[in-house]
Amino acid sequence: QVQLVESGGGLVQPGGSLRLSCAASGIIFRFYTMGWYRQAPGKQREVVATINSGGTTNYADSVKGRFTISRDNAGNTVYLQMNSLKPEDTAVYFCTAQLLAAHYWGQGTQVTVSS
């Protein structure tokens, strides 16, 4: 079975940092575009960042310069380094793996930015 397991979420103060991790299994990891999405209460789910098999990254405008997505193909793990966090970053963050028509999702991890 395909499994994407997020970790690293939690409560952080505005301006703080957090690193999310997503451990993947059941896929040939290096072939997949990996990504992070988020969904805040009352908001649509949105893509935060993606990184393809060649290492090309894309970011939502709202997180550019603050978040960094990276991948460790040997460890089958994708990361999201989140710096300068803002209250509006509060959301459930989901890890995704995409290849052609296949799109897998993790269970999500809560990130709360609050003083």
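Heavy-atom basis, side chains included; hydrogens, waters and symmetry copies ignored.
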Next item on the list: Could you point out which residue of Val48, Ile69, Leu80 forms a side-chain contact (heavy atoms from CB on, under 4.5 Å) with Leu20?
Entry: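 Per the side-chain contact (heavy atoms from CB on, under 4.5 Å) rule, the option paired with Leu20 is Leu80, out of Val48, Ile69, Leu80.
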Checklist line | side-chain contact (heavy atoms from CB on, under 4.5 Å) partner of Cys22, the single match among Thr77, Val5, Val78, Thr96 | finding: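 The side-chain contact (heavy atoms from CB on, under 4.5 Å) with Cys22 is passed solely by Val78 among Thr77, Val5, Val78, Thr96.
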Margin query: Tell me which pairs pass salt bridge (charged side-chain N to carboxylate O under 4.0 Å, His left out) where either residue lies in residues 16-32, with sequence neighbours left out.
Written below: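 Those involving residues 16-32 do not exist here.
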Notebook entry, point to check: Can you list every salt bridge (charged side-chain N to carboxylate O under 4.0 Å, His left out) pair that touches residues 41-58, not counting sequence neighbours?
Noted result: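 Those involving residues 41-58 are Arg38-Glu46.
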For [X], check side chain to side chain contact (heavy atoms under 4.5 Å, CB included) against everything at least two apart and list the hits.
{"X": "Ser25", "value": "Gln3"}
{"X": "Ser114", "value": "Leu11, Thr112"}
{"X": "Ser70", "value": "Tyr79"}
{"X": "Val92", "value": "Phe94, Gln110"}

Margin query: If I compare all heavy atoms of Ala102 with all of Tyr104, which pair ends up nearest, and what's the gap?
Written below: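 Closest approach of Ala102 to Tyr104: CB-CE1, 3.9 Å.
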Note to self: Please give me the minimum heavy-atom distance between Ser84 and Ser17, naming the atom from each residue.
What the structure shows: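 For Ser84 and Ser17, the tightest heavy-atom pair comes out as N-OG, 4.3 Å.
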Notebook entry, point to check: Residues in ring pair (Phe, Tyr, Trp, His ring centres under 6.0 Å) with Tyr37, at least two apart?
Noted result: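 Applying ring pair (Phe, Tyr, Trp, His ring centres under 6.0 Å) to Tyr37 gives Trp105.
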Note to self: Holding to salt bridge (charged side-chain N to carboxylate O under 4.0 Å, His left out), I want the full list of residues that pass it with Arg66, two or more places apart in sequence or in another chain.
What the structure shows: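 Here the qualifying residues are Asp89.
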Checklist line | Residues which pass salt bridge (charged side-chain N to carboxylate O under 4.0 Å, His left out) with Glu88, listed by chain and number, not counting sequence neighbours | finding: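 Checked Glu88 against salt bridge (charged side-chain N to carboxylate O under 4.0 Å, His left out); zero matches.
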Next item on the list: Mind jotting down which residue pairs meet the ring pair (Phe, Tyr, Trp, His ring centres under 6.0 Å) criterion with at least one end in residues 7-34? Sequence neighbours excluded, please.
Entry: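 Counting only pairs at least two positions apart or across chains, no ring pair (Phe, Tyr, Trp, His ring centres under 6.0 Å) contact touches residues 7-34.
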Note to self: Just verifying a value: how many Å separate Met82 CE and Thr68 OG1, rounded to the nearest 0.5 Å?
What the structure shows: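 Answer rounded to 0.5 Å: 11.0 Å.
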Notebook entry, point to check: Does any pair with a residue in residues 5-15 pass side chain to side chain donor-acceptor pair (under 3.5 Å), and if so which ones, sequence neighbours excluded?
Noted result: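 Every pair satisfying side chain to side chain donor-acceptor pair (under 3.5 Å) with a residue in residues 5-15: Glu6-Gln107.
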Notebook entry, point to check: For residues 49-61, which residue pairs qualify under side chain to side chain donor-acceptor pair (under 3.5 Å), counting only residues two or more places apart or in two chains?
Noted result: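 Of all non-adjacent pairs touching residues 49-61, those that pass side chain to side chain donor-acceptor pair (under 3.5 Å) are Asp61-Lys64.
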Notebook entry, point to check: Would you find more than 12 non-hydrogen atoms of other residues, nucleotides or ligands less than 6.0 Å from Leu99 atom CG?
Noted result: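 Above 12, so yes.
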